[in-house]
Amino acid sequence: MKILLAGGAGYIGSHTAVELIRAGHDVVIADNYDNSCPEVINRIEKITGIRPVEYEVDVKNKSGVKKIFDENLIDVVIHFAGLKAVGESVQLPLKYYRNNIDTTLTLLEVMEESGCNNIVFSSSATVYGEDAPAPYREEFGRGKCSNPYGWTKNMMEQILEDAAKANPELSVVLLRYFNPIGADATGLIGEDPQGVPNNLMPYVSQVAVGRREKLTIFGDDYPTDDGTCRRDYLHVTDLAIGHVKAVEYADREKGTNIFNLGTGNPYSVLEIVNAFQEANDIKIKYEFGPRREGDLPEFWANADKAKEILGWEAKRGIVDMCRDTWNWQKNNPNGYR
Ligand code: NAD
Ligand code: UD1
């Protein structure tokens, strides 16, 4: 199949491009490089031996997206193109609503005009909201989000569901990711946040490589065994393979279908730091600080549905996640730059 990856130069998109090419699919990437680098395309080619077709385009821009559909017979769209920094979304909510909602509307409109009926969407565990009990199950539905980023995911899911209700030919697959970490085993692509990382693993790896002095662990008084928050970390390559299964599913099923992509096994912040130290034989300097606003003590996936219906389950463990993160970071201390 020919698959358009909107936002495909980003962290998850680039790993998905590699796995789709490895599975024999044709990949078209559309990205404005707002949070990524054109060098990613060279790296994908280096890993797979195949260069994806590439468009530098703002996915909000209808004529730019239409051109892609005019020049390529797209079977499935995967919509990664979004802004994702939770803290920034609180400061700049309009920027987040404008970018995330508009990219979704533009893609859906152009798909309709071009006769493309399959879309896979990058959603997040954050849509379960603050009150859902862990493990999260798909049938819980959407809850109350704690920040504009989360609300954009919540709203985009609603928009996609409504579009599928109105068009019986449309297939919408909502993938609710948990916490992707790690990197392709080649170490040629990985997570490359701009500025100070918001997420745990890139912060840990930047401490390891000497770009940051020490990690601050946000809170040591949560109601968990060691007092630090617990999350469902999954290897980005497993997540990428989940997308391969999802595009194949989208091509054969109609309507809206929702899948959690997680391992079902939570780890605490301290467990992650210790695992990284042990897997890589490297010391991570850290201190405890206050809780971060909006953090939940713990959540993880019930991952049964993806296993039963997509035939997908996470195969890589915490040691792989820590080793592959470090392999990427030590070989690319300044990311792609
Ligand atoms: P990323 O920032 O690395 O990738 C997103 C890509 O989209 C970037 O390359 C960026 O340049 C591009 N983009 C953004 N707006 C665009 C626009 N208007 N036009 C064209 N390109 C645009 O993020 P990621 O971690 O790869 O996440 C991909 C998707 O998955 C995002 O929608 C994110 O919200 C979602 N998600 C990520 C996580 C996570 O932990 N990384 C968890 C849950 C959901
Ligand atoms: C965060 C977002 C979530 C988003 C996800 C993926 C918040 C409140 N939630 O999830 O909406 O979908 O990223 O982008 O921002 N930690 C530290 N020190 C750090 C960084 C993180 O102790 O420097 C801790 C956090 O408190 C948390 C855990 O590490 O307990 C994981 O944090 P993070 O990687 O940011 O992911 P989430 O908070 O799960």
Side-chain angles (χ1 to χ4, degrees), residues 5-16 29-38 40 55-61 64-65 78-90 95-96 98-100 102-104 106-107 121-128 130 145-147 149-150 152-153 156 175-181 190-194 196-204 206-207 212 214-220 222 224 228-234 236 239-240 243 261-262 266-270 272-273 286-300:
L5 276 55
Y11 172 48
I12 302 169
S14 56
H15 287 82
T16 301
I29 289 180
D31 207 298
N32 62 358
Y33 302 113
D34 182 84
N35 195 38
S36 52
C37 223
V40 169
Y55 290 85
E56 182 169 351
V57 65
D58 187 324
V59 173
K60 298 195 291 298
N61 176 329
V65 174
I78 310 183
H79 179 14
F80 299 103
L83 302 175
K84 62 162 187 176
V86 173
E88 188 188 50
S89 81
V90 177
K95 180 179 171 189
Y96 274 66
R98 170 67 76 195
N99 190 72
N100 292 1
D102 261 11
T103 50
T104 308
T106 298
L107 283 170
F121 176 62
S122 295
S123 192
S124 164
T126 195
V127 302
Y128 287 106
E130 299 164 321
C145 297
S146 59
N147 56 74
Y149 162 77
T152 68
K153 291 292 175 199
M156 289 185 283
L175 298 180
R176 293 181 177 160
Y177 310 157
F178 283 68
N179 290 59
I181 58 174
E191 188 165 14
D192 181 22
Q194 291 176 18
V196 182
N198 299 300
N199 299 114
L200 176 64
M201 197 48 132
Y203 207 108
V204 168
Q206 289 194 10
V207 172
R212 314 265 158 212
K214 59 176 177 259
L215 170 75
T216 301
I217 296 181
F218 300 140
D220 62 354
Y222 283 99
T224 57
T228 67
C229 295
R230 299 202 306 156
R231 296 288 183 271
D232 186 336
Y233 297 94
L234 80 157
V236 67
L239 180 63
H243 289 74
L261 295 182
Y267 286 93
S268 74
V269 177
L270 270 177
I272 291 292
V273 172
Y286 67 84
E287 64 180 7
F288 291 104
R291 291 180 177 195
R292 180 172 68 179
E293 204 185 323
D295 272 345
L296 296 172
E298 57 181 4
F299 62 81
W300 65 95

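Read the numbers this way: they start at 1 and go in the same order the structure lists the ligands and their atoms.
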Counting only heavy atoms, which portion of S123 has something under 4.0 Å from ligand 1: side chain, backbone, both, or neither?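 Near ligand 1, S123 shows its backbone, while the atoms from C-beta on stay back.
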What part of Y33, side chain, backbone, both or neither, has a heavy atom within less than 4.0 angstrom of ligand 1?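 Answer for Y33: backbone.
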Of the choices [options], which has the non-hydrogen atom that lies closest to [atom]?
atom: atom 24 (C) of ligand 2; options: L270, N198, V269; result: V269
atom: atom 31 (C) of ligand 2; options: F288, Y286, F299, Y233; result: Y233
atom: atom 27 (O) of ligand 1; options: V65, L5, I12; result: I12

Taking both backbone and side-chain atoms of [X], is any N or O found less than 3.5 Å from an N or O belonging to ligand 1?
X: A9; answer: no
X: D34; answer: yes
X: Y177; answer: no
X: D31; answer: yes
X: V59; answer: yes
X: K153; answer: yes
X: P180; answer: no
X: N32; answer: yes

For ligand 1, which atoms, with element, lie under 4.0 Å from some heavy atom of [X]?
X: D58; value: 17 (C), 18 (N), 19 (N)
X: S36; value: 8 (C), 9 (O), 11 (O)
X: S122; value: 29 (C), 30 (O), 32 (O), 35 (C)
X: Y149; value: 33 (C), 34 (O), 36 (N), 43 (C), 44 (C)

Heavy atom of N179 under 4.0 Å from ligand 1?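 It does not, in that no heavy atom of N179 comes within the 4.0 Å cut-off of ligand 1.
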Measuring from the heavy atoms of V57, does anything fall under 4.0 Å of ligand 1?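 Yes, V57 has a heavy atom closer than 4.0 Å to ligand 1.
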Quick one: which ligand 2 atoms are inside 4.0 Å of a heavy atom on [X]?
X: C229; value: 30 (O)
X: D295; value: 8 (C), 25 (C), 26 (O), 38 (O)
X: T126; value: 11 (O)
X: N179; value: 36 (O), 37 (P), 39 (O)

Ignoring hydrogens and angles, state whether a donor on the side chain of E88 or Y149 is under 3.5 Å from an acceptor on the partner side chain.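 Distance-only check fails for E88 and Y149.
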Without hydrogens or angle criteria, can the side chains of S122 and H79 be said to hold a donor-acceptor pair below 3.5 Å?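 There is no such pair (donor and acceptor under 3.5 Å, judged by atom type) between the side chains of S122 and H79.
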Check: N179 and L234 side chains under 4.5 Å, non-hydrogen atoms: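 Side chain of L234 against side chain of N179, heavy atoms only: no contact under 4.5 Å found.
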Please say whether K84 places an N or O atom under 3.5 Å from an N or O atom belonging to ligand 2.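 Between K84 and ligand 2, no N or O pair is found under 3.5 Å apart.
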Between R292 and ligand 2, does any nitrogen or oxygen pair lie at a separation below 3.5 Å?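 Min N/O separation from ligand 2 is below 3.5 Å for R292.
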Answer with side chain, backbone, both or neither: which part of Y177 has a heavy atom less than 4.0 angstrom from an atom of ligand 2?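 Neither part.
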Using a heavy-atom cut-off of under 4.0 Å, does the side chain or the backbone of V86 touch ligand 2, or both, or neither?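 Near ligand 2, V86 shows its side chain, while the N, CA, C and O stay back.
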With a 4.0 Å cut-off on heavy atoms, is S124 in contact with ligand 2?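 S124 counts as a contact of ligand 2 under the 4.0 Å cut-off.
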Say whether, by atom type as modelled, one donor and one acceptor occur between the side chain of [X] and the main chain of [Y] under 3.5 angstrom.
X: D232; Y: P266; result: no
X: Y203; Y: V196; result: no
X: N199; Y: M201; result: no
X: N100; Y: L83; result: yes

Any chance CZ of R291 has more than 12 other-residue heavy atoms, nucleotides or ligands included, within less than 6.0 Å?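 Counting other residues, nucleotides and ligands, CZ of R291 exceeds 12 neighbours.
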Would you find more than 12 non-hydrogen atoms of other residues, nucleotides or ligands less than 6.0 Å from E293 atom CD?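 Not buried by this count: 12 neighbours or fewer within 6.0 Å.
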Are H15 and F80 close enough that their ring centers fall under 6.0 Å?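 No, too far apart.
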Geometric cation-pi criterion R231 and Y267, 6.0 Å radius, 45° cone: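 So R231 doesn't make the cation-pi contact.
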Among protein heavy atoms, which lies nearest atom 25 (O) of ligand 1, and at what distance?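 Atom 25 (O) of ligand 1 sits closest to the protein heavy atom K84 NZ, 2.8 Å.
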Can you give me the closest heavy-atom contact between A9 and S14, atom names plus distance?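 For A9 and S14, the tightest heavy-atom pair comes out as O-CB, 4.3 Å.
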